[in-house]
Structures are given as structure tokens and as C-alpha cells.
Amino acid sequence: MRLATVWYFLAEGWRSARRNVSLISLGTIAASLFVLGALALILMNLNHVSQLLQARIEIRAFLEDGLLPEGVAAIRAQIQATDGVAQVTFVSKDEGLRRLRGQLGEHAGILDVVGENPLPDAFDVRVEDADRTAQVAARISRIPGVLGVNYGQGFTEKLLATMRLVGVAGAVVAALFVAAVVFIVGNTIRLTVISRAREIEVMKLVGATDWFIRWPFLVEGMVLGLVGAAISGLLLFAGYNLAVRYITGLAPFIPVITAPEPVAALCVALLLMGVLMGAVAGGVFVKRYLRV
Amino acid sequence: MPRAIEVYQVNSIFQELREVMMLIRLYSVSKVYPNGAVGLLNVDTYIRQGEFVFLVGPSGAGKTTFMNLLTRQVLPTQGQVIVDGRNVVRMRPSEVPYLRRAVRMIFQDYKLLPNKTAYENVAFALRVTEANPRQVRTRVMESLELVGLACKARAYPGELSGGEQQRVSIARAIVGDPTILLADEPTGNLDLDTSWGIMELLLRINKRGTTVIMATHNRSIVNGMMRRVIELDGGKIVRDDERGAYRREAGHGMVLPG
Ligand SMILES: Nc1ncnc2c1ncn2[C@@H]1O[C@H](COP(=O)(O)OP(=O)(O)O)[C@@H](O)[C@H]1O
Ligand SMILES: [Mg+2]
């Protein structure tokens with residue numbers, strides 16, 4: 001392809017994008033992409049939280065009192081051999097008490113009232129797959145010498161189920177918004193096609209190839225998608241930083257993503273998606289209107 | 001008799017040469033539109049390289065259909081169309097643009113782009129075929145000069161007379177150096193003097209080697225030129241005279257002259 005031809009495509013596409021775009025269509029494109037980006041950010045944060053939680057989810061298996069060291073070693077070996085177990089750490093009753101004190105913080109005085117250490121020896125068990133925590137815990141609880149297990153029964157499953165639901169709902173909504181953007185861009189380009197019907201007719205008559213006719217419309221779509229994505233990306237970046245500051249001020253224990261890199265990467269992805277959706281819209285709609 | 005064999009051979013060689021010289025060949029071509037209207041009916045004909053042919057006949061006779069078949073703006077419902085060695089019916093859609101670079105059309109309503117100057121209208125036709133951008137200016141000015149409108153290069157179609165607009169459209173048609181020029185009633189909207197000017201121009205283009213096919217209702221022009229006339233009626237060829245008049249004269253029709 002000649003350089004002059006590429007230049008012609010860019011100039012034509014840019015010119016008709018400028019002529020045919022309205023505040024409403026650009027606003028809708030930007031808003032749709034903004035919602036898409038916001039959804040992606042929410043999912044990214046949920047994923048972040050779940051990863052932190054999954055790293056933290058442990059089963060604590062309490063041991064019967066008065067076991068011999070050989071007995072403890074045997075139980076450890078059995079737990080280790082259980083399907084789905086990643087790592088086993090021994091927590092002596094003293095270690096357990098120290099941790100409990102740390103967790104209770106200013107209320108630690110209550111332990112002094114109890115006097116003697118009430119905690120048994122225990123194993124902290126990390127599982128390979130958070131989804132199977134309950135299953136693994138049930139198996140461990142059946143090992144002789146294990147007094148009982150504790151793993152925040154019920155909570156983990158609920159959290160994971162919620163996340164899966166949010167993920168599916170997000171994907172559905174995202175697909176709808178992608179369709180909306182493609183439709184709006186396509187409709188704007190349809191206006192160009194109609195206003196240029198005569199020019200297209202002449203182009204065909206004098207032997208322009210279909211691709212030559214279609215390229216300017218593809219460029220127009222890509223320009224619309226790019227500009228819409230740029231607007232939404234800027235808003236998203238600024239909005240997210242504000243939201244993060246608000247949340248960390250209000251509830252510092254919620255582990256949100258604060259690093260700028262993943263958010264910036266999302267904005268770049270949004271730009272690429274905008275361009276891609278615009279190109280698809282430009283290609284599909286014009287092809288439909290070009291048939292001789 | 002060796003002589004007879006030689007004559008036979010010479011004849012068949014002539015026959016083959018004639019076939020090769022045919023720029024356009026229609027083999028029992030019919031076009032019936034989806035609504036049932038008959039565009040062409042079982043038409044068999046040929047047109048040689050460099051010919052100037054008039055296509056005459058009443059409105060609805062099939063003249064426009066004939067031309068649109070040559071540029072594949074319509075496909076025949078039956079038969080084959082060969083243009084410059086290419087089978088128009090069987091060619092892939094991606095080859096159509098290249099067919100249309102070789103076969104250019106001009107129209108009664110000129111089909112110029114109103115928001116482009118004369119120069120831009122002509123240059124546009126060259127650019128969309130991705131011609132060498134260094135040559136665009138020279139070639140556009142050459143063809144505007146040929147039609148006598150170099151001085152009006154900057155004018156918009158709205159600022160030009162009908163005859164001038166038709167000249168711009170001719171410049172646009174010939175700027176890519178087509179093999180064939182199809183003119184569909186090019187003088188339909190013009191007065192007689194202007195029409196003769198356009199005719200003179202088409203003849204000049206024909207002399208440069210471009211085959212010209214012209215559909216027209218203009219009796220005095222056809223009669224004044226004495227060129228090949230193909231007369232259509234109801235989609236059929238009813239007459240094909242090498243040096244014909246617009247209408248066959250009474251008592252002259254059935255017997256071939258000469
Ligand atoms: N696009 C079309 N759809 C349906 N019928 C058509 C179409 N174009 C032409 N026809 C019909 O085909 C016949 C020949 O038309 P046309 O080739 O335009 O004749 P001419 O150019 O000699 O006036 C007419 O009966 C006309 O009504
Ligand atoms: Mg006609």
C-alpha cells in the first residue's frame with residue numbers, strides 16, 4: 001500500500017469522525033467504556049481480596065492432650081498424606097497462646113483470668129485449593145488423635161460463591177456494554193455511509209477495491225473508539241484514585257489495589273478495546289451497506 | 001485437392017483471428033430482473049477493438065442493461081459475457097474493480113461529486129485506483145486539456161454548464177486510460193450544438209484507440225456519423241448495421257445494402 005493511500009485513509013477517517021460525531025454518541029461510548037472499566041476494576045479488586053484470603057485460609061487441627069511426640073509425628077504424616085494438603089505447620093500450645101494474645105490486643109487481660117493455658121497443641125494446614133477446604137477439613141477431623149478442626153466453616157464457601165456470581169454477572173453486563181459501543185459506533189458510521197452514498201457509488205464505478213472504500217470507515221470507527229476510551233480512561237484513573245483514598249480513610253482493613261500499574265494497564269487495555277470495537281463496528285456496518 | 005485444404009485452413013485462421021480481435025463477446029445473454037422485467041433476451045454479439053458503436057432503440061429496450069452487464073453492475077441470468085479476455089460472469093468479486101478500471105462509463109446525469117472541483121473530481125478517480133501520486137497532477141491536467149477544460153480546473157460542477165460538466169465526466173473516464181468507454185445517453189440533457197461538441201470529443205478519444213459504445217436517442221447524431229448501429233427492442237437485437245442510420249428506411253431494411 002502506498003504511503004499516500006494510508007495518509008488518505010487516515011485523513012478521510014479523521015475528517016468524517018469529526019463531522020459525524022455528536023456529544024451524545026461520544027458521551028455514550030465513553031460512559032459505556034467507563035462502566036466496563038469500572039466493572040473490571042471491581043473484579044480486579046475482588047480477585048485481589050480473594051487471593052489474599054486464599055493465601056490466608058488455613059485449617060487448624062487441634063490435637064488431643066497428652067500425646068507422645070511419636071504420636072504427634074504420626075498425625076502430621078497422616079495430615080500431610082491427605083489429598084489437597086499443601087503445607088503443615090506445628091503450633092505448640094504456647095505458640096498458640098502467644099498468637100491469641102496478639103489477636104486480642106488490648107483485651108489480652110482476659111487470658112490472665114483463665115490462668116492456665118487452655119489451648120491444645122495444633123497443626124496449621126494450608127490447602128492447595130480454597131474450594132476444597134471443607135472436604136479436606138472433614139478428612140483431617142477423622143484422623144485419630146485429632147480433637148477437632150476449625151476453618152471458619154461456611155464463610156469461605158460463601159465468599160467464593162459470591163465472587164463467582166459477581167464474575168458471571170460482570171461478564172454478562174460487560175458483553176452488553178461491548179455490544180452497545182459497537183452499535184453506537186456502527187450507527188455513527190452508518191450516517192457517514194449514507195451521507196457519502198454518491199461518493200461510494202462513484203468510487204465503485206471508477207474501480208476502487210472494496211478494501212479501499214472500507215478503510216476510511218474503519219479508521220473513523222477506530223478514532224471514535226479511541227477518543228471514547230481515552231475520555232473514559234482518564235475519568236476512570238482519576239475516579240479510582242479518589243475512591244481508593246476514600247476507602248482507605250474509611251476502612252483501612254479492606255485490602256484494595258493501590259499500586260498504579262494494574263490500573264494504568266487496565267486503561268491501556270481499554271484504549272485497545274475501544275480501537276478494536278470501533279474497527280469491528282466500522283468493518284461490519286460498512287460491509288453490510290456496500291454490497292453491489 | 002490440396003488447394004481446397006489450403007483455402008479451408010486460411011479461412012479457419014481468419015475465423016480464429018476474428019475471434020481474438022473481439023474485445024467484447026456476448027454469448028446468448030439474457031437478463032431478466034427479479035420483478036420479471038426483461039432487460040436482454042438471448043443476445044449474441046461482438047464488438048471489435050477500436051470500434052465506435054451506437055446502441056439505439058426505444059426507452060426500455062435494454063441499452064442500459066447491455067452496458068451494465070459489461071461492467072458487472074448486473075449479472076446475466078443466462079449466457080456468458082467476455083470483455084477483453086475476461087469472463088465477466090465467472091470472475092471473482094475481487095476482480096471487478098480491475099474490470100471497471102478498463103471499462104469506464106459516462107452518464108446522462110454526469111455523476112460528478114458536487115463538493116469537489118473539476119480537478120478534484122478527475123483526480124479522485126485516479127487516486128482511488130492507487131495511481132502513482134507523482135503522476136496524478138500531470139495526468140489530470142492532460143485529460144482536462146484534452147476535453148478543453150484546463151482553464152476551469154478549479155470550478156465546482158455547480159459553476160459549469162451541462163456540456164462542461166459532461167466534459168469533466170469524460171476527463172474522469174479517460175484519465176485512467178481505459179480500453180472501453182461506455183456512454184449512456186451522454187447528450188440526453190444537452191442541446192444539439194453542445195451535443196456535437198461532445199460527439200467530436202468521443203470521436204477523438206476513439207481515434208486514440210479506445211473502443212466507444214454509445215447509447216443514444218439522438219437521431220441526427222447517429223445519422224450524421226454513419227457508424228455501426230446496434231438496434232435493440234424488447235431486449236433483442238433487431239438490427240446490426242456496419243454503417244447505419246438511426247432508423248432503417250422503408251424498403252431498405254430487409255435487404256442488406258451492397
Ligand atoms: N434495476 C431494475 N430492476 C427491474 N427492472 C429493470 C431494472 N433496470 C431495468 N429494468 C427493466 O429492464 C428493461 C430494460 O431497461 P433498460 O436497460 O434501462 O433500457 P433502456 O436503457 O434502453 O431504456 C425495462 O423494461 C426496465 O423497466
Ligand atoms: Mg437507459
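First the proteins, then the strands, lettered A, B, ... as listed; each starts at 1.
If you measure heavy-atom distances from B:Asn132 to chain A, the contacts under 4.5 Å come from both the backbone and the side chain. If you measure heavy-atom distances from B:Leu112 to chain A, the contacts under 4.5 Å come from the backbone alone. B:Arg172 touches chain A through its side chain: at least one heavy atom from C-beta onward sits under 4.5 Å away, while N, CA, C and O do not. Only the side chain of B:Pro114 comes within less than 4.5 Å of a heavy atom in chain A; its backbone stays farther off.
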* To do: Take B:Arg100 and A:Leu205 through the test side chain to side chain contact (heavy atoms under 4.5 Å, CB included) and record every step on the way to the result.
  => CA-CA 7 Å; B:Arg100 292 185 187 163; A:Leu205 213 63; 5.7 Å; no
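Ranked by heavy-atom pairs under 4.5 Å with chain B, the first of A:Ala4, A:Gly207, A:Ala208 is A:Gly207. By number of non-hydrogen pairs under 4.5 angstrom with chain A, the leading residue of B:Ala173, B:Ala131, B:Gly176 is B:Ala131.
Here the NZ atom belonging to B:Lys111 is positioned 14.5 Å from the CD atom belonging to A:Glu199, to the nearest 0.5 angstrom. Summarising the geometry, atom CZ belonging to A:Phe212 is positioned 5.5 Å from atom CD belonging to B:Glu130; distances are rounded to the nearest 0.5 Å.
Within 6.0 Å of the CZ atom in A:Arg198, the count of heavy atoms belonging to other residues, nucleotides or ligands exceeds 12. Heavy atoms of other residues, nucleotides or ligands lying less than 6.0 angstrom from CG of A:Leu23 number 12 at most.
For the pairing with B:Val128, the side chain to side chain contact (heavy atoms under 4.5 Å, CB included) check across A:Val206, A:Thr5, A:Ile213, A:Thr209 returns one residue only, A:Val206.
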